[in-house]
Amino acid sequence: GAVVSQHPSWVICKSGTSVKIECRSLDFQATTMFWYRQFPKQSLMLMATSNEGSKATYEQGVEKDKFLINHASLTLSTLTVTSAHPEDSSFYICSASARGIAAGELFFGEGSRLTVL
Amino acid sequence: GESVGLHLPTLSVQEGDNSIINCAYSNSASDYFIWYKQESGKGPQFIIDIRSNMDKRQGQRVTVLLNKTVKHLSLQIAATQPGDSAVYFCAESVTYGGSQGNLIFGKGTKLSVKP
């Protein structure tokens with residue numbers, strides 16, 4: 001299957017700082033990328049959907065000014081957690097799709113674990 | 001509505017036995033379903049999918065059953081192996097105007113395989 005890479009895989013930061021997580025599709029062009037967050041022992045919660053070259057669409061309850069998403073190219077989307085607080089500590093996962101969610105055409109990254117001290 | 005779990009159900013099976021993982025989905029309009037496997041500290045991995053015009057689909061060692069009447073999905077794993085130990089999520093999606101909507105994930109089930 002296609003490969004989606006996330007970086008960093010884990011990061012520890014101080015409260016109040018900003019953290020950027022990258023999501024790259026390595027062998028295909030991702031027209032759409034999705035960002036999820038996952039708390040321990042819980043399911044994946046969709047945060048936002050981003051299409052290349054346009055503004056991200058955020059799910060209800062997700063602060064767009066806090067979680068900045070940029071999808072500047074067909075192979076890269078970034079999620080920046082601004083002014084991070086301990087409650088933002090979570091596992092952030094991206095997924096990418098070239099032709100839409102169907103028949104396994106949605107590929108997930110390995111996740112990025114954020115710990116805010 | 002969405003189903004978000006606060007506690008992870010656990011299924012413990014003996015190596016070599018068959019496993020059945022169940023999922024109740026919430027939206028009767030959902031017409032596409034996927035099962036994912038997530039190992040600790042990793043992203044979800046696609047296992048098998050099924051559309052609502054089918055009630056059964058088989059893959060390699062896995063079978064997905066769909067019962068639209070009671071909004072129930074199950075994943076059967078034959079001859080379960082230690083490498084199958086992971087958390088399994090079902091996900092549902094609705095087709096809008098020819099486009100597939102976003103995936104909504106179920107609460108997940110942790111499968112533990114005893115050697």
Side-chain angles (χ1 to χ4, degrees), chain A residues 1-11 21 23-26 31-51 56-62 90-115, chain B residues 1-10 23-26 30-54 57 59-60 62 64 86-110 112:
Chain A
V3 178
V4 174
S5 174
Q6 275 186 247
H7 178 81
S9 55
W10 60 269
V11 56
I21 301 170
C23 178
R24 293 181 183 273
S25 56
L26 298 186
T31 53
T32 306
M33 287 186 169
F34 303 86
W35 286 96
Y36 299 83
R37 67 186 298 182
Q38 185 179 32
F39 293 110
K41 297 186 178 181
Q42 292 192 28
S43 189
L44 283 75
M45 293 296 294
L46 180 65
M47 298 175 67
T49 304
S50 73
N51 293 295
T57 301
Y58 289 81
E59 295 299 299
Q60 191 173 9
V62 179
S90 187
F91 194 50
Y92 292 88
I93 306 172
C94 73
S95 64
S97 173
R99 293 182 290 174
I101 305 170
E105 293 187 356
L106 182 67
F107 304 100
F108 284 82
E110 289 297 304
S112 299
R113 184 164 302 281
L114 170 64
T115 301
Chain B
E2 298 180 3
S3 54
V4 177
L6 298 178
H7 303 283
L8 213 54
T10 300
C23 175
Y25 64 94
S26 54
S30 292
D31 57 3
Y32 181 58
F33 306 87
I34 306 176
W35 278 101
Y36 287 96
K37 172 186 180 183
Q38 186 180 29
E39 296 176 344
S40 181
K42 296 186 177 182
Q45 179 182 3
F46 174 90
I47 301 174
I48 192 168
D49 62 349
I50 189 168
R51 293 208 170 269
S52 58
N53 59 352
M54 301 173 69
R57 192 166 187 223
Q60 187 177 18
V62 295
V64 55
V87 176
Y88 290 80
F89 292 97
C90 66
E92 59 183 298
S93 173
V94 179
T95 305
Y96 295 104
S99 298
Q100 204 69 54
N102 293 330
L103 288 175
I104 302 298
F105 281 80
K107 61 178 62 177
T109 297
K110 181 178 180 180
S112 294

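Everything numeric in this text was worked out from a predicted model, so none of it was measured. Throughout, a chain's letter reflects where its sequence line sits, starting with A, and its residues are numbered from 1.
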Sort Glu39(B) into side chain, backbone, both or neither according to what part of it lies under 4.5 angstrom from a heavy atom of chain A.
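Contact with chain A is absent: no heavy atom of Glu39(B) under 4.5 Å.
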Tyr36(B) and ring pair (Phe, Tyr, Trp, His ring centres under 6.0 Å): which single residue from Phe89(B), Phe105(B), Tyr88(B) fits?
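Of all the options given, the one that passes is Phe105(B).
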Rounded at 0.5 Å granularity, tell me how far CG in Asp49(B) sits from CG in Leu106(A).
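It comes to 11.0 Å.
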Hey, could you give me the OG1/CG distance between Thr57(A) and Asn51(A), rounded to the nearest 0.5 Å?
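Here the rounded value is 6.5 Å.
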Less than 4.5 Å to any heavy atom of chain B: does that hold for the side chain of Ile93(A), its backbone, both, or neither?
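Looking at Ile93(A), just its side chain touches chain B.
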Answer with side chain, backbone, both or neither: which region of Gln6(A) has an atom nearer than 4.5 Å to a non-hydrogen atom of chain B?
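Answer is neither: Gln6(A) stays 4.5 Å or more from chain B.
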If the plane angle is over 60° it's perpendicular, under 30° parallel, otherwise tilted; pick one for Phe108(A) and Tyr36(A).
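Aromatic pair Phe108(A)/Tyr36(A) classed tilted.
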